[in-house]
Amino acid sequence: MSEETPAFRVVGDVSALPDYAFGPRSILWWGNSAFMMIEGTAFVLAAAAYLYIRGKGGHWPPPGVRPPDLLWGGLFTAGLLLSELPNRWLQAKTRQFDLASVRFGVLVMTLAGLALAGVRAVELSHINVRWGVDAYASCIWLLMVLHTTHVVTDLGDTAVLCLWMFTHQPGPSQFSDVNDNCSYWTFVVVTWIPIGFLIYLGPRLL
Amino acid sequence: MGRGLGTSDDEKWRLNLSRVAIALAMASSLGAWGCDSEKRTVDATAPVTAPTGRSDPRLPAYADNKFQQSQGGLYFTWYGCGQCHSQSAQRPQNFSTANFRYGGDIPFLYQSIADGRAGGMPAYKDRVPAQQIWQMASYVKSLPKTNQYLRRREDLDQKGQPTGTTWSGAVR
Amino acid sequence: MSPAQSALFPAAEQAATQFDVLTLMLWICGVMYLVVLLFVALAIWRGARARAAADSPVTEAADPTLSRALAIWSCVVVLGLTALVVGSFFADRSLAAARDRETLVIRATGQQWWWRFAYRTPGGAWVETANELHLPAGRTARVEVGSTDVIHSFWAPPLAGKMDVIPGHANVLDLTPQRIGWYRGTCGEFCGLQHAHMAFDVRVESPADFDRWLAAQATPAAPQSGDPSVARGQVVVTQGQCAECHTIRGTAAAGKAGPDLTHIGSRRSIAAGTLPMSRGGLEGWIEQPAALKPGTNMPAVSLSPSDADAASAYLLSLK
Amino acid sequence: MTAETDLRARGLADRRRRLLAAWADAPGLWGFLTTVDHKRLAARYIVTTMAMLFAAGMLGVDMRLQLAAPDMHRMGPQGYDESFSLHGSTMLFLVSVPVMEAMAMWLVPLMLGQRNMAFPRLNAFSYWMYLEGVLMLWIPHALGFTPDLGWFEYPPLSGPAYAPGHRADVWAQMITFTEVAALCVSVNVVVTIFTMRPPGMTLGRMPLFLWGMLVASFMTVFGLPAVMVVTSMLIADREVATHFFSPSGGGDVLLFQHLYWFFGHPEVYIIFVPGVAFVSSIVETFSRRVVFGYVPMVVAVLAIGVLAFGLWVHHMFAVGLPKMGADFYTAASMAIALPIGVQIFCWIATMFRGRLQLKTPMLWVIGFIVTFVIGGMTGVMTASAPLDLQLTDTYFVVAHLHYVLVGGAIFPLLGAFTYWYPKATGRMMSEVWGRISWALVVVGFNLTFFPMHLLGLMGMPRRIYTYPAEMGWGPLNLLSTVSALITVVGAGIFVLNALLSYWRGRLAGANPWGGSTLEWATPSPPPPYNFDYIPTVDSVAPLWTRDELHALEGLSLDSREVLVTTLVDAKPDNRQKSPKPSLWPLLTALAVGVMFVGSIFSPWPIVWGSVPVAATIVGWFWPTRPRAQRGPLRART
């Protein structure tokens with residue numbers, strides 16, 4: 001049993017390796033993905049709770065309650081899906097370190113996020129039922145609050161990135177940050193498809 | 001969690017003492033606020049007589065105590081008080097506002113329950129023991145401050161509890 | 001030790017089935033455990049012998065002999081588990097089979113912290129009692145459990161395993177008692193302050209005795225005692241604060257919140273198994289319920305000592 | 001020759017000086033508050049969990065004293081309910097899970113030959129969040145409003161009508177704190193293992209310890225959101241009158257149990273799998289043999305990770321499920337005994353074929369096997385739906401869960417503590433006192449908990465504060481209480497041994513046990529930068545296969561840099577900056593704490609409290625780069 005550390009024999013040098021990376025080669029991408037996994041699990045469980053309570057039978061929605069209005073929900077859904085176009089474009093530009101396009105892109109995404117948050121605010125007043133009425137209402141609001149939190153969080157993130165990109169000289173890792181933020185927005189868009197279905201079409205179809 | 005804005009770094013930040021102090025102060029004041037109202041007395045020291053007035057030494061243990069209020073709510077349901085004083089009854093009989101006609105402190109509320117009032121409120125002192133009247137008075141006192149949805153939520157949880165003579169078994 | 005609340009002395013078909021599964025488990029697991037112990041002992045013994053050799057550590061993980069042994073071990077584990085799964089499956093089947101033989105319906109309602117039992121008489125009426133379950137030997141009783149407040153669990157170990165008592169859910173448990181005797185059940189799910197004192201007595205008796213008992217329970221209260229204080233006690237109980245929560249059929253007492261006291265004097269214990277039934281016990285319970293069962297919803301009623309004594313005499317006389 | 005050696009030594013000294021300058025913390029309080037060193041944070045975590053273990057253990061002793069004889073009145077029902085609630089909640093949420101996370105935090109980078117974890121500041125944030133969780137439970141306890149509804153808080157007992165006040169909320173929000181903390185470490189462990197393995201450590205050459213920690217972290221990622229969702233729903237029911245668990249409002253109280261046990265069962269394995277990881281390391285070192293059956297061992301731990309999510313219903317056999325469903329879960333629950341059986345076999349086989357040295361850590365492993373196997377077998381018994389109806393919620397289950405968690409996780413943990421103690425402190429713990437404490441704890445534990453199996457079968461339910469004499473449970477309970485005191489004496493000796501050895505223990509050197517993995521290739525205790533060079537490996541036991549480790553250089557010596565390697569075959573891919581010490585994690589944790597604590601009293605702090613949280617997070621992640629020279633918002637001078 002050795003009392004001293006074993007000797008090291010240097011057999012190579014890593015100083016020539018790049019000092020940044022995109023996507024799965026970057027540490028932060030993995031962190032981002034892991035948190036998306038955690039939040040995705042929470043979404044799935046919230047949806048499961050909705051379906052469990054729905055599965056108890058009875059009226060859905062309860063008598064006297066109108067399902068959430070389709071107009072504002074539809075508008076939000078359309079806007080959210082459309083926002084994925086500039087988002088994709090922006091993500092591609094970050095890999096080219098194209099500062100002008102990236103600045104333009106994050107500005108567009110910030111404005112899109114603000115507009116969508118505005119629509120969401122109106123949408124919340126067209127759910128047509130308060131969460132404290134019964135379990136149906138609680139389930140709808142649970143999903144709504146969960147998703148809205150994500151919209152607002154990512155909007156905040158995008159806005160701060162936007163401010164930073166306009167005021168500073170970004171290095172490669174900052175482009176990588178914008179790249180990750182684009183992935184996160186995609187997560188927000190994709191999760192809305194089942195969640196929106198449960199909120200808007202669930203009471204009508206299920 | 002913060003995401004996106006990434007692998008940032010350094011720069012020494014001064015210890016923001018003021019923020020820490022504010023946070024700690026808030027936390028401890030919230031804690032201190034919680035204690036008395038959270039007390040839970042379950043032993044045999046319950047009152048067997050009516051309150052003697054506003055300076056009765058037993059009052060603080062009942063006035064804002066969550067446990068006693070909750071017990072009072074239970075008996076409120078058991079004795080069918082909801083038949084006249086349900087949440088959907090007319091104001092002020094539903095106790096949703098603090099303008100109690102005969103006073104909103106425990107001694108007055110106790111008196112109303114125990115001795116009855118003109119206009120249909122019967123006297124309960126021969127039917128309900130003092131301890132429970134204390135608790136019901138505490139409950140009624142808390143009602144104007146209770147969120148209406150929360151009151152309904154509690155009532156629903158107690159729906160299976162016996163409501164006077166109308167009770168007919170477990171909730172199915 | 002007392003077998004009254006023990007799962008090791010089954011007195012009903014259901015508990016016997018469960019006891020059989022336990023026996024099967026103990027045999028299979030016991031043998032497996034001994035094998036593991038033997039292996040460990042061997043490994044220590046062999047390892048200690050090998051310690052003398054001081055060459056470098058073994059870095060080759062593979063070992064064909066061990067691989068074969070692992071395969072055999074895995075097969076043994078799988079076989080053992082299969083036996084246990086099959087055993088459980090058949091036990092479950094036999095528990096479910098009792099459903100076709102139900103001849104008696106009982107409603108057990110859990111409340112903080114006592115049990116309300118209601119029997120369906122042959123005439124279709126419901127007869128209510130509390131904290132004491134009577135069952136006819138050899139017949140299958142359908143116990144419908146329900147809760148008025150929080151989750152409890154109906155558990156009489158010598159008769160059968162638990163059935164949770166859940167607000168909003170209608171659960172059913174079958175009991176087919178076989179041995180005549182006194183047993184004890186309790187609440188199996190934590191339900192608040194007095195979860196520890198939420199027991200009930202179980203009397204398994206011959207069908208004839210059971211029918212007599214049920215007929216007696218259906219009758220209104222009739223004090224059976226020559227004690228002069230009984231008459232005073234009746235006034236105290238049925239016209240005072242007790243009546244607001246308790247029913248004594250045949251008197252003015254018709255409260256529904258607490259246990260039915262019509263035949264309380266015939267029961268074995270007081271306050272859901274807290275005290276044995278006696279005049280002194282009743283008096284203590286009436287005067288200081290919170291001292292015996294802190295947190296109980298039974299309030300202290302301010303009675304003079306003589307009134308309390310009379311009340312307990314009256315209650316004890318309600319056979 | 002001498003000159004060349006001298007030159008190399010001077011080069012090494014210079015290298016160490018520069019690395020130290022880049023990686024050392026600031027001295028004093030500032031360094032304490034801002035450190036992101038995984039070893040410091042993990043040590044802090046471990047010390048805090050040990051303090052919690054002591055506190056919760058004392059609650060256990062208190063309960064044992066109350067139950068020593070029938071009709072005892074040391075405690076009333078309120079005191080007893082508070083005791084078992086605090087004991088269970090603390091042990092599960094503030095001891096078992098965090099201590100395992102902390103061990104991973106301490107060991108994973110060292111075993112990977114790395115200088116820190118993937119997200120050092122997240123580690124710091126995690127510790128502060130955890131500490132707030134500790135305060136969240138124990139300050140209210142000191143102030144007199146302890147949660148009193150168990151470690152599970154089923155509604156409607158925990159609902160607004162039956163749990164007045166904020167006791168139940170304190171519990172629910174404490175969980176949010178500790179779960180956020182655990183999730184942060186788990187993400188860190190997963191990403192560190194995925195991206196920062198040393199060159200050459202392909203997935204097939206990862207030590208079993210790392211496989212265990214990886215699986216446990218993944219289980220945390222998928223399991224813990226369930227409890228956060230369900231406790232949030234409970235708080236919403238209590239604070240803003242939602243109806244998830246209100247039977248008369250369309251909700252269902254069983255929904256709580258499904259979600260809770262969807263977390264709660266994996267939770268057991270989140271605690272147990274790291275224990276397995278410790279055992280694999282210890283068995284390998286003290287058998288002087290690579291663990292037999294690498295592939296079966298890895299497959300087994302992966303199988304546990306997957307199966308654990310399919311078993312939750314076996315906690316709910318008594319709720320009145322359809323019999324078919326119950327039988328399915330019986331089979332699934334019993335199936336998990338197979339991978340565990342395979343692991344037990346492989347360890348014993350390794351001992352059998354190796355040359356066993358019965359040092360204290362190995363004794364703990366033997367204690368583990370002998371004790372845990374009983375817990376596993378009683379687990380198989382409770383997995384049987386018909387039998388479980390008799391066993392659930394009795395002292396049989398109390399015995400079972402302590403056999404599994406103490407036998408299966410705490411014994412390996414104490415072994416691991418003894419095993420890695422010299423690495424962390426540079427000194428050995430006393431063997432003699434180690435053996436004495438081992439004997440007292442193992443024997444005391446078994447005498448405390450074995451009688452409980454019988455008590456359960458004799459009809460003694462859990463969570464009762466007293467019991468009548470005529471039940472005949474007195475003698476066994478007395479035996480159990482006396483034995484608990486023996487266990488406490490043993491544990492006390494263990495703690496004293498650890499404390500005294502810190503100053504008086506024999507100096508350990510780098511590799512006192514002759515271990516095979518990379519953490520033994522650095523001095524004890526390791527310097528802040530962990531390793532002089534980046535080690536590479538070409539086997540699962542690198543220190544046993546080579547006398548001289550191959551290493552790489554080229555990471556910056558003057559700033560914090562780590563090497564990122566590829567996911568499957570661990571080829572060097574790129575270098576990334578590693579964050580420096582920062583106060584932001586602490587400030588963020590404080591802001592989150594204010595928001596969470598406030599949310600117990602009103603929903604509004606969630607809204608206004610999110611502003612400081614957002615601000616501190618922005619501060620945390622704000623990149624320091626020069627101001628823009630072009631564009632509308634460029635720097636103007």
Side-chain angles (χ1 to χ4, degrees), chain A residues 1-21 24-27 30-31 34-35 37-39 41-42 45-46 48-49 52-53 56 58 62 99-100 103 131-139 141-142 156 160 163-164 166-171 173-174 177, chain D residues 118-119 183 187 190-191 194-195 221-222 225-226 228-229 233 240-244 246 249-252 255 258-259 509-514 521-523 532-535 543 547-555 563-564 567 572-576 614 618 623 625-629 631-633:
Chain A
M1 304 193 187
S2 68
E3 291 296 319
E4 272 315 305
T5 52
F8 284 107
R9 183 146 64 92
V10 176
V11 296
D13 191 314
V14 296
S15 55
L17 294 176
D19 60 0
Y20 67 89
R25 293 171 55 208
S26 131
I27 292 179
W30 283 96
F35 277 103
M37 213 144 67
I38 292 170
E39 286 149 31
T41 309
L45 291 166
Y52 180 90
I53 289 183
K56 280 180 49 117
L99 180 59
R103 278 185 178 173
W131 54 85
V133 168
D134 74 341
Y136 155 82
S138 307
C139 288
W141 275 95
L142 172 68
V160 173
L163 182 69
W164 195 91
F166 273 95
T167 51
H168 290 77
Q169 295 175 13
S173 28
Q174 280 70 47
D177 290 345
Chain D
F119 305 110
L183 283 170
V187 166
V190 168
V191 178
F194 273 6
T195 63
V221 163
F222 290 113
M228 293 182 64
V229 166
M233 286 160 87
V240 297
T242 54
H243 289 266
F244 298 112
S246 132
D252 191 341
L255 174 59
H258 280 295
L259 285 171
N511 193 359
W513 312 111
T522 182
D532 298 334
Y533 297 92
I534 310 153
L543 300 198
D547 292 334
E548 199 178 44
L549 274 179
H550 287 190
L552 302 177
E553 62 182 3
L555 284 187
L563 180 70
V564 176
L567 175 62
D573 188 84
N574 62 78
R575 297 172 290 130
Q576 291 192 14
V618 168
R625 301 270 309 174
R627 284 291 309 275
Q629 297 303 316
L633 297 177

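Hydrogens, waters and symmetry mates play no part in the numbers below; they use all other heavy atoms, side chains included. The sequence lines fix the lettering, A, B, ..., with proteins before strands; numbering per chain opens at 1.
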Item to complete: For the residue pair A/Val14 and D/Leu555, establish whether any side-chain heavy-atom pair is separated by less than 4.5 Å.
Response: yes
Worksheet entry | Heavy-atom side-chain proximity of A/Leu17 to D/Val564 below 4.5 angstrom | no
Response to the item:
One option among A/Ala34, A/Ala21, A/Pro18 has the most heavy-atom pairs under 4.5 Å with chain D, and it is A/Pro18
Worksheet entry | Interface residue of largest heavy-atom contact number with chain D, from A/Val10, A/Ile27, A/Thr41, under 4.5 Å | A/Ile27
Discussion item. Using side-chain heavy atoms (C-beta onward) and a distance below 4.5 Å, is D/Arg627 in contact with A/Gln169?
Written reply: no
Worksheet item: Would you call D/Gln576 and A/Ser26 a side-chain contact if the rule is heavy atoms closer than 4.5 Å?
Response: yes
Discussion item. A side-chain contact here means heavy atoms from C-beta on lying under 4.5 Å apart; do D/Thr242 and A/Trp141 qualify?
Written reply: no
Worksheet entry | Largest heavy-atom contact set with chain A, pairs under 4.5 Å, which of D/Val187, D/Asp573, D/Leu552 | D/Asp573
Discussion item. Which heavy atom of D/His243 sits nearest to which heavy atom of A/Val133, and what is that distance?
Written reply: NE2-O, 3.6 Å
Response to the item:
Under 4.5 Å to a heavy atom of chain A? For D/Phe244 that would be both
Worksheet item: Considering only heavy atoms, which portion of A/Tyr52 lies under 4.5 Å from any heavy atom of chain D: side chain, backbone, both, or neither?
Response: side chain
Fill in: Minimum heavy-atom distance between A/Gly31 and D/Val191, given as atom pair plus value
N-CG2, 3.9 Å
Worksheet, complete the sentence: If you tally heavy-atom pairs under 4.5 Å between each of D/Thr195, D/Val229, D/Asp252 and chain A, the highest tally belongs to D/Asp252
Item to complete: Heavy-atom distances under 4.5 Å only: say whether A/Pro62 touches chain D with side chain, backbone, both or neither.
Response: neither
Worksheet entry | Interchain contact, D/Met233 with chain A, by part (heavy-atom threshold 4.5 Å) | side chain
Response to the item:
Sorted by chain and residue number, the side-chain hydrogen bond (donor to acceptor under 3.5 Å, both in side chains) partners of A/Arg9 (sequence neighbours excluded) come out as D/Glu548, D/His550
Worksheet item: So do D/Asn574 and A/Tyr20 actually touch side chain to side chain, heavy atoms under 4.5 Å?
Response: no
Worksheet entry | For chain D, the option from A/Ala48, A/Pro170, A/Pro24, A/Gly156 that forms the most heavy-atom pairs under 4.5 Å | A/Pro170
Worksheet item: Between A/Arg103 and D/Gly631, what is the shortest heavy-atom contact and its length?
Response: NH1-CA, 3.4 Å
Worksheet item: Under a 4.5 Å heavy-atom cutoff, which of A/Leu142, A/Ile38, A/Leu163 has the most pairs with chain D?
Response: A/Ile38
Worksheet item: Between D/Pro572, D/Ala118, D/Ala241, D/Ala521, which has the largest tally of heavy atom pairs under 4.5 Å with chain A?
Response: D/Ala521
Worksheet item: In terms of heavy-atom contacts, does CG of A/Asp13 have more than 12 from other residues, nucleotides or ligands at under 6.0 Å?
Response: yes
Response to the item:
When the 4.5 angstrom heavy-atom criterion is applied to D/Ser246 and chain A, the contacting part is neither
Fill in: Pick from D/Gly251, D/Ala628, D/Gly250 with the largest number of heavy-atom pairs that fall under 4.5 Å of chain A
D/Ala628
Worksheet item: Would a 4.5 Å heavy-atom cut-off, applied to side chains only, mark D/Arg625 and A/Trp164 as touching?
Response: yes
Worksheet item: Checking heavy atoms, do the side chain of D/Val190, its backbone, both or neither come under 4.5 Å from chain A?
Response: neither
Practice prompt. Just jot down the ring-ring contact (aromatic ring centres under 6.0 Å, His included) partners of D/Phe194, sequence neighbours excluded, or say none.
Written response: A/Trp30, D/Phe218
Worksheet entry | Side chain proximity check, D/Leu259 to A/Leu45, heavy atoms < 4.5 angstrom | yes
